[in-house]
Q: 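First the structure, then my questions, so here it is.
Residue numbers begin at 1 in each chain, while the letters A, B, ... track the order of the sequences. No experiment lies behind these values; they were computed from the predicted model shown.
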Protein chains: 2
Amino acid sequence: MEGIRFDTSPSAWRHWVLAVEGGVATLALNVQEDGGLVPGYALKLNSYDLAVDIELADAIQRLRFSHPEVHALVVTSRRERMFSAGANIFMLAASAHPFKVNFCKFTNETRLALEEMSAESGIRTLAALNGTASGGGYELALACDQILLVDDGAAAVSLPEVPLLGVLPGTGGLTRLVDKRKVRRDRADFFATTPEGVKGKRAAEWRLVDEAVPRSEFAARVRERAAALARTSDRPAHGPGVELEPLAPERSADALAYRWVRLAIDREKRVATLTVRAPDGGEPDDPQAFLAAGSRAWAIAAWRELDDALLHLRFDELEAGVVLLRTAGDPEAVLAVDRSLDRHRRHWLVREVLLLQKRVLKRLDLTARTFFALIEPGSAFAGSLLELAFAADRSYMLAGGKAPATIALSALNHGALPTGSGLSRLEARFLGDPARLRAALAHRGPFDAAAAHEAGLVTFAPDDLDWEEEVRLAIEERAAMSPDALTGLEANLRFPGPETLETKIFGRLSAWQNWIFVRPNASGEKGALALYGKAGQRPELDRRRT
Amino acid sequence: MEGIRFDTSPSAWRHWVLAVEGGVATLALNVQEDGGLVPGYALKLNSYDLAVDIELADAIQRLRFSHPEVHALVVTSRRERMFSAGANIFMLAASAHPFKVNFCKFTNETRLALEEMSAESGIRTLAALNGTASGGGYELALACDQILLVDDGAAAVSLPEVPLLGVLPGTGGLTRLVDKRKVRRDRADFFATTPEGVKGKRAAEWRLVDEAVPRSEFAARVRERAAALARTSDRPAHGPGVELEPLAPERSADALAYRWVRLAIDREKRVATLTVRAPDGGEPDDPQAFLAAGSRAWAIAAWRELDDALLHLRFDELEAGVVLLRTAGDPEAVLAVDRSLDRHRRHWLVREVLLLQKRVLKRLDLTARTFFALIEPGSAFAGSLLELAFAADRSYMLAGGKAPATIALSALNHGALPTGSGLSRLEARFLGDPARLRAALAHRGPFDAAAAHEAGLVTFAPDDLDWEEEVRLAIEERAAMSPDALTGLEANLRFPGPETLETKIFGRLSAWQNWIFVRPNASGEKGALALYGKAGQRPELDRRRT
């Protein structure tokens, strides 16, 4: 199984330059035109593709784990007078629909990780726009806490997607304009339909940026604001941090085998199996031990592996429509790790470990595949790993047998690993039945299948007479259904209850964007996206409004 | 201008039978197979098309206005053992994409009107499922306060759209399952992928219905529950109510002219102009006068006309992408009506008038066209009519002149006419600036253009030197953009702030459905929707998950 590599490291970065000084990190975009993920387009004007975004995601992750001394991050550009032109249009126009959707999803997750890093990890963020920020370039700035724009009569912020390309800003821009920065919606309408964007004082007056600063004062103002942001952080004054070692799974034709995680694909059946092993014991149980174990600790390694496997599934195994979630090993070992994490959750590194697990589980929530959790004897659905079953569309638990399967809750099921809506998976599960939620959380010890079913924690609990047939049929039926309808179904059922910026971006903005992407007005031969940059050719549009 | 007629009356109904007895109305579905909107499909098994839904919308509206003595509504079927098979599949498969989208939108609005009728008007609702309710049939039941299902070993509720048709339940079903009825999401997943649905006790245990009742006890239990619901109503004990008279606009090639509203289309420019005239004076100012004036009162007539014009635009003028909102007449006359409505808002009829205006404005919010409000001398953007400008994507107000344009707020701008999010349009406008909201609401008297612009109530206020050019360019540019991208843009910017069941249905569920509808897996020649019911042909699906 080959495919896109999401695991990278600073020595391999080509597009970003990281510098750390006095508690402030500066990440400068310096896109190499020939450094795209695949040949066929040049990444001009600091425009980006997935290769650039994979490095950004890596940089954010490493700042969190390896640089506890960093308290603020400045995102800027190495280019003169150009922050970023956004996602590369020729790359987008040449991409198949599934890639477009997965690209947008990944970049959205990365920007949300930037926001979470500020809110939860205490690394505040400042976009220092030393030149024009267009489209995805401006959307990256919108994901920062503050935006400074150089006021030189030329530099602008803009979202030209609608007027120039016939698609939406795809990285949360519209949602962040009105919901995060609370730009008045009629101004947002004008802004997002004006290709040249807005500059200087008007940009500040309309809340599109926090301040427009003359070029002569720009660097000093950036330093000043970054220092002020850094002072609000609760991160430690110095390291050591934890290096994130390469994942390096073993690759065979039908499987990716990591240390703790295994992804196996049955292409004929269009079914994947994702198995996570519990730790073997001997895991760190206090912050010093976590620092010493570094990224080899199960609580980091297994979750990084799961994250990587999910991305591989999304981008490179498009037809594997049903994913069976399995676990193996000793549930007690998972519960022991959970106890250590919960006890030390205020330590910066332990906090990062929990936030990593939270992000990986959200990645699963947002993966457009059917997940069925299979809970059998020998499995380890406990605590943090039990969240996999709660994230699944359904769970099947085998009842009875000699050493019956059990599941068990830990402190981490009480809200430490929330979904994008802010609810825990158990809260979302028992939205209509708070008494059942309280009962489940109050229960001590493991649940066997009958107890788990009675408590509402699993969907079905067939015995061994029915198990094989019931599970096989459920998988076959699911794999036969329309992939599009299932994606829509799951996107609606997985997010009951409150909506947040995050769920709005994925549930509303991305849903509309997916529709627009497949319409001939964008992607048809004469569509606006397809014809962009082709001199003399104007798109031919179906003018019917729907 | 010809097209679909949305204005109907009980004597013209073919598909519903209404009976009123002792405070309880019973609306029984009795679809005439040959009564479809257009030829080409038979409405078998109480399946419905737009013609059936137009009558349902009319029935709901008339119950509210004409039957104050009705305190509860039972929705049931005249057929034996079949409540409704849902939206007619052959109709859907034969429809163009814009019609599908507009059909779903209208049916969703009608179901939300049912819910609003219970919550706001005090007419509680009970779905009495005397037989199977499939797809849209069950979704109609989900829009009622309570659902009773006959327990006869055969009657089931089901959402077979995903497994059988490769599309989503299109009328809010998924959202209502998990968000309204709080069905556990794994059970909702099983239910919505199981074509035969769920019956009897399991349906009740899973919260899909409130109670499953043996056939022998069904009628008595329906009466009992309906009577109990009726007792919670605050409607008067008896009439008189208000008859809703026919609208009967004058139709010419390019215009629909109602008494107070005029819709004119410039097809070459793809621009519509929607003009609402203020009352001439002499409008009712207390409940007795409203009862006497009936549906000829401006506060009812103008808004019913506007509603009808919006529906006409949606279904029959698909290419009119930009709609100019204009008003004319005496703003003081609007303010006088608003004062009467506000003063008597607790009277059942006045309450209905306000709820009508609220629904019409929401219809505008949800109409996938660009709205620009043009505020010029001679206009009447005051109070309830000023909500049109607040609903618009942008507003332009002409500054200066001999008798300068003004706008004015009334009590009705303070929250009496909220958007689907629950916020008033002013609250949504000033989400980031509550001080400005308070200042605007505290202001007494009219605003001229400079004051309105300063207060943030209009987008732009050009003077007469710039007006013509600025407005013309804005319209031309807008009309040239991709209709799809504009629909997506507006759907994202118009709903800042909190989400509700209603905004989730239109923003999340419908967006996904629109995407699924245009994908070849549903609507292609070999798609699941296109091949439904064709014996021996199975859909050929693109198996890539996105």
Q: Below 4.5 Å from any heavy atom of chain A, which atoms of Arg314(B) appear? Answer side chain, backbone, both or neither.
A: neither
Q: Given heavy-atom pairs under 4.5 angstrom as the criterion, report whether the side chain, backbone, both or neither of Glu490(B) touches chain A.
A: side chain
Q: For chain A, which of Asn492(B), Leu431(B), Ile516(B) has the most heavy-atom pairs under 4.5 Å?
A: Asn492(B)
Q: Taking side chain as everything from C-beta outward and backbone as N, CA, C, O, which of these in Ala474(A) sits under 4.5 Å from a heavy atom of chain B? Side chain, backbone, both or neither.
A: neither
Q: Between chain B and each of Thr193(A), Val458(A), Val167(A), count heavy-atom pairs under 4.5 Å; write down the option with the most.
A: Thr193(A)
Q: Heavy-atom distances under 4.5 Å only: say whether Thr370(A) touches chain B with side chain, backbone, both or neither.
A: both
Q: Using heavy-atom distances under 4.5 Å, tell me whether Arg207(B) contacts chain A through its side chain, its backbone, both, or neither.
A: side chain
Q: Between the side chain of Thr487(A) and the main-chain N/O of Thr546(B), is any donor-acceptor distance below 3.5 Å?
A: yes
Q: At a heavy-atom separation under 4.5 Å, does Asp433(B) approach chain A through its side chain, its backbone, both, or neither?
A: both
Q: With a 4.5 Å cut-off on heavy-atom pairs, point out which of Pro539(A), Ala392(A), Pro498(A) contacts chain B the most.
A: Ala392(A)
Q: Can you see which heavy atom on Ala188(B) is nearest to which on Leu493(A), and at what distance?
A: C-CD1, 3.7 Å
Q: Within the distance-only criterion (no hydrogens, no angle test), does the side chain of Ser523(B) pair as donor or acceptor with the backbone N or O of Phe517(B) below 3.5 angstrom?
A: yes
Q: Using non-hydrogen atoms and a 4.5 Å limit, figure out which bit of Phe371(B) sits close to chain A: side chain, backbone, both or neither.
A: neither
Q: For the interface with chain A, which of Asp189(B), Leu509(B), Leu318(B), Asn102(B) has the highest count of heavy-atom pairs at distances below 4.5 Å?
A: Asp189(B)
Q: Among the options Gly497(B), Gly321(B), Pro169(B), Ala320(B), pick out the one with the most heavy-atom pairs lying under 4.5 Å from chain A.
A: Gly497(B)
Q: For chain A, find which of Leu165(B), Thr500(B), Asn521(B) contributes the most heavy-atom pairs closer than 4.5 angstrom.
A: Asn521(B)
Q: Do side-chain atoms of Lys105(A) reach the backbone of Leu366(A) as a donor and acceptor pair under 3.5 angstrom?
A: yes
Q: What part of Ala428(B) is in contact with chain A, defined as an atom under 4.5 angstrom from a non-hydrogen atom: side chain, backbone, both or neither?
A: neither
Q: Mind ranking Ala522(B), Ala480(B), Gly527(B), Ala192(B) by heavy-atom pairs under 4.5 Å with chain A and telling me who comes out on top?
A: Ala480(B)
Q: Non-hydrogen atoms of chain A under 4.5 Å away: do they reach the side chain of Leu541(B), the backbone, both or neither?
A: side chain
Q: With heavy-atom distances below 4.5 Å as the criterion, would you say the side chains of Phe430(A) and Arg184(B) are in contact?
A: yes
Q: In terms of heavy-atom pairs under 4.5 Å, which option from Glu499(A), Arg545(A), Lys182(A), Arg544(A) contacts chain B the most?
A: Arg545(A)
Q: Side chains of Leu208(A) and Arg202(A), heavy atoms from C-beta outward: is any pair under 4.5 Å?
A: no
Q: What I'd like to find out is whether the side chain of Val471(B) reaches to under 4.5 Å of the side chain of Phe372(B), using heavy atoms alone.
A: no
Q: Look at Ala511(B), Pro483(B), Pro496(B) and state which one has the largest set of heavy-atom pairs under 4.5 Å with chain A.
A: Pro483(B)
Q: Indicate yes or no: at least one non-hydrogen side-chain atom of Ser482(A) is less than 4.5 angstrom from one of Arg519(B).
A: no
Q: Under a 4.5 Å heavy-atom cutoff, which of Ser510(A), Ser395(A), Ala491(A), Ala528(A) has the most pairs with chain B?
A: Ala491(A)
Q: Find the one option among Asp484(A), Val101(A), Asp179(A), Leu486(A) whose heavy-atom pairs under 4.5 Å with chain B are most numerous.
A: Asp484(A)
Q: As a quick check of understanding, evaluate side chain to side chain contact (heavy atoms under 4.5 Å, CB included) for Leu313(B) and Arg369(B), giving each step before the final call.
A: CA-CA 9 Å; Leu313(B) 246 181; Arg369(B) 309 297 166 93; 3.6 Å; yes
Q: What orientation do Trp515(A) and Trp512(A) show, parallel under 30°, tilted 30 to 60°, or perpendicular over 60°?
A: perpendicular
Q: Non-hydrogen atoms of chain B under 4.5 Å away: do they reach the side chain of Phe390(A), the backbone, both or neither?
A: backbone
Q: Taking the ring of Phe460(B) and the ring of Phe190(A), is the distance between their centroids below 6.0 Å?
A: yes
Q: Using a 6.0 Å cut-off, check whether atom CD of Glu454(A) has over 12 heavy atoms from anything other than its own residue.
A: no
Q: Among Arg425(A), Arg429(A), Arg394(A), find the residue that satisfies the salt bridge (Lys or Arg N to Asp or Glu O under 4.0 Å) test when tested with Asp186(B).
A: Arg429(A)
Q: For chain B, find which of Asp393(A), Val178(A), Val518(A), Leu174(A) contributes the most heavy-atom pairs closer than 4.5 angstrom.
A: Asp393(A)
